[in-house]
There are 2 protein chains.
Amino acid sequence: MFLLRRGTAMSYVLLRDGSRQILRFHFPGDILGWSALAFRHSLETVVAMSDAEVAPFDRTALVALMTQNPRLGAALSALALLERQVMSDRLATLGRTDARGRVAALLVEMRDRMSACGMANGDEFQLGLTQEEMGDAVGLTAVHVNRMLRLLEEEGLITRAGSRVTVLNHGALAQMANYVDRSDGVDLEWLTPAR
Amino acid sequence: MFLLRRGTAMSYVLLRDGSRQILRFHFPGDILGWSALAFRHSLETVVAMSDAEVAPFDRTALVALMTQNPRLGAALSALALLERQVMSDRLATLGRTDARGRVAALLVEMRDRMSACGMANGDEFQLGLTQEEMGDAVGLTAVHVNRMLRLLEEEGLITRAGSRVTVLNHGALAQMANYVDRSDGVDLEWLTPAR
DNA sequence: CGTTGTATTGACACTGGTCAAGCATGGTGG
DNA sequence: CCACCATGCTTGACCAGTGTCAATACAACG
């Protein structure tokens with residue numbers, strides 16, 4: 001298991017038929033390799049998407065730490081639950097949204113996360129993904145991702161300059177993506193000591 | 001939060017456009033309402049699919065318990081991680097599998113889970129779902145679910161009798177669904193005391 | 001300069017959605 | 001006991017959305 005300290009990464013699975021599903025993009029502060037806690041073999045592949053710096057740690061050490069400091073353990077559980085929620089939202093996106101909405105969802109999510117990491121310049125940010133990677137993340141082909149990007153641009157919702165993207169109409173994108181910002185619903189109050 | 005003691009349930013989200021994405025089917029022993037631990041408001045709806053019996057418990061009590069018994073806390077974290085893994089697999093299914101494979105995945109998953117609960121009779125089991133529910137779970141319309149069921153039956157992979165389904169060729173179904181049984185990879189050895 | 005990977009675009013095929021109709025099934029009230 | 005109704009299942013015809021294939025244009029890089 002690793003803590004991502006600097007740079008970006010992504011995790012994916014390869015299916016038997018050779019196709020790839022990107023599960024998650026990682027930004028500084030994320031924990032990589034959760035599944036090592038519950039499974040013998042790693043079930044997903046993590047690759048860096050840029051120069052990156054990670055802090056490895058051993059799961060047995062983590063367990064010792066959680067035992068000594070239960071509150072820390074609870075906090076980590078909460079992190080796992082937030083991950084679970086992100087997955088739920090992505091499930092809904094893949095299952096019940098059309099191609100345009102999925103690309104919009106990806107853009108909005110990436111902007112929000114990069115913004116939270118100080119990696120965005122307002123609504124402009126560098127989406128360090130090939131269109132094939134975008135497709136593998138949202139269940140589309142690279143060709144169709146390209147068409148949807150063009151469409152979003154023609155609709156005046158985004159602009160592109162090289163690999164930099166600017167979100168012009170966050171609301172419209174979020175709407176077509178059925179995007180819900182979860183951050184304001186987070187409630188970790190129970191983590192504080194019951195004094 | 002609840003522990004499902006008897007019966008079956010499912011959890012879903014409703015999107016802004018009115019469509020429904022079923023996230024998970026629950027069987028006896030499952031914990032319902034995880035998201036209450038990390039969020040102020042519940043983000044998903046849980047409904048019983050049959051007569052059911054649940055044991056409610058309060059999250060503050062849970063936290064106290066986890067603090068007193070860190071090992072229990074770790075075990076719950078592990079449960080959350082298993083949930084996360086199930087979601088990952090479903091994500092790959094929705095993103096990278098065709099309609100036939102998705103229906104196959106649903107059937108195989110349901111059979112395995114019901115089998116684990118003693119709710120299946122060998123390869124025959126009662127799939128207590130309408131075709132619309134099946135569709136909402138795997139991102140298809142009810143009509144197309146029906147077509148895929150017919151196709152699977154014509155291919156000799158399943159038979160249907162009323163609402164009972166028999167899996168005739170588990171291997172072929174699992175293959176087209178890119179299904180991976182995770183249970184033999186689970187490793188919770190780290191939960192045992194480091195003596 | 002070639003080479004390689006990525007982006008862009010068009011033509012076409014096919015999967016899955018939509019709409020509509022008919023059919024079973026089981027429950028309900030008379 | 002039976003007519004009636006609601007719900008879900010089944011099927012066909014047609015269409016929209018997405019994938020596939022192929023050709024071209026770029027850009028980075030040795």
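Note: hydrogens, waters and symmetry copies are ignored here, and every other heavy atom, side chains too, is used. By convention in this document, chain letters (A, B, ...) are assigned in the order of the sequence lines, proteins followed by strands, and residues within each chain are numbered from 1.
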Response to the item:
Walking DNA chain C from its 5' end, the first of T130(A) and V145(B) to be reached, judged by nearest nucleotide, is T130(A)
Practice prompt. Pick base, sugar-phosphate or nothing for G139(B), based on heavy-atom distances below 4.0 Å to the nucleic acid.
Written response: sugar-phosphate
Worksheet item: Do R113(A) and D30(A) sit within salt-bridge range, that is, some charged N less than 4.0 Å from a carboxylate O?
Response: yes
Discussion item. Strictly below 4.0 Å, N to O, side chains only: are R96(B) and D136(A) in salt-bridge contact?
Written reply: yes
Figure out the [atom1]/[atom2] separation between [X] and [N], and round it to whole Å.
X: R160(A); N: dT6(C); atom1: CZ; atom2: P; value: 16 Å
X: L149(B); N: dC9(D); atom1: CG; atom2: C1'; value: 10 Å
X: E132(A); N: dG19(D); atom1: CD; atom2: P; value: 13 Å
X: D136(B); N: dG8(D); atom1: CG; atom2: P; value: 12 Å
X: L151(A); N: dG17(D); atom1: CG; atom2: P; value: 11 Å
X: H144(B); N: dA16(D); atom1: NE2; atom2: P; value: 17 Å
X: M134(A); N: dT8(C); atom1: CE; atom2: P; value: 10 Å
X: R150(B); N: dG16(C); atom1: CZ; atom2: C1'; value: 14 Å

Worksheet, complete the sentence: Of L129(B) and D98(A), the one whose nearest nucleotide on DNA chain D sits closer to the 5' end is L129(B)
Worksheet item: On DNA chain D, nearest-nucleotide positions of R100(A) versus V143(A): which is more 5'?
Response: R100(A)
Fill in: Residue-phosphate contact under 4.0 Å: N146(B) side-chain N/O, dC9(D) OP1/OP2
no
Worksheet item: Can you find a side chain N or O atom of Q131(A) that sits less than 4.0 Å from OP1 or OP2 on dG5(C)?
Response: no
Worksheet entry | R111(A) CZ to L107(A) CG distance, which is reported to the nearest 0.5 Å | 11.0 Å
Worksheet entry | Short side-chain to backbone donor-acceptor contact, Q85(A) and S35(B), under 3.5 Å | no
Discussion item. When you measure from the centre of the six-membered ring of Y12(B), is the NZ or CZ of R20(B) closer than 6.0 Å and no more than 45° off the axis?
Written reply: yes
Worksheet, complete the sentence: Closest of dC9(D), dG16(C), dA7(C) to the A99(B) side chain is dG16(C)
Worksheet item: Do R102(B) and dG16(C) have a side chain to base donor-acceptor pair shorter than 3.5 Å?
Response: no
Discussion item. Between dG17(D) and R147(A), counting only base atoms on the nucleotide and side-chain atoms on the residue, is there a donor-acceptor pair under 3.5 Å?
Written reply: no
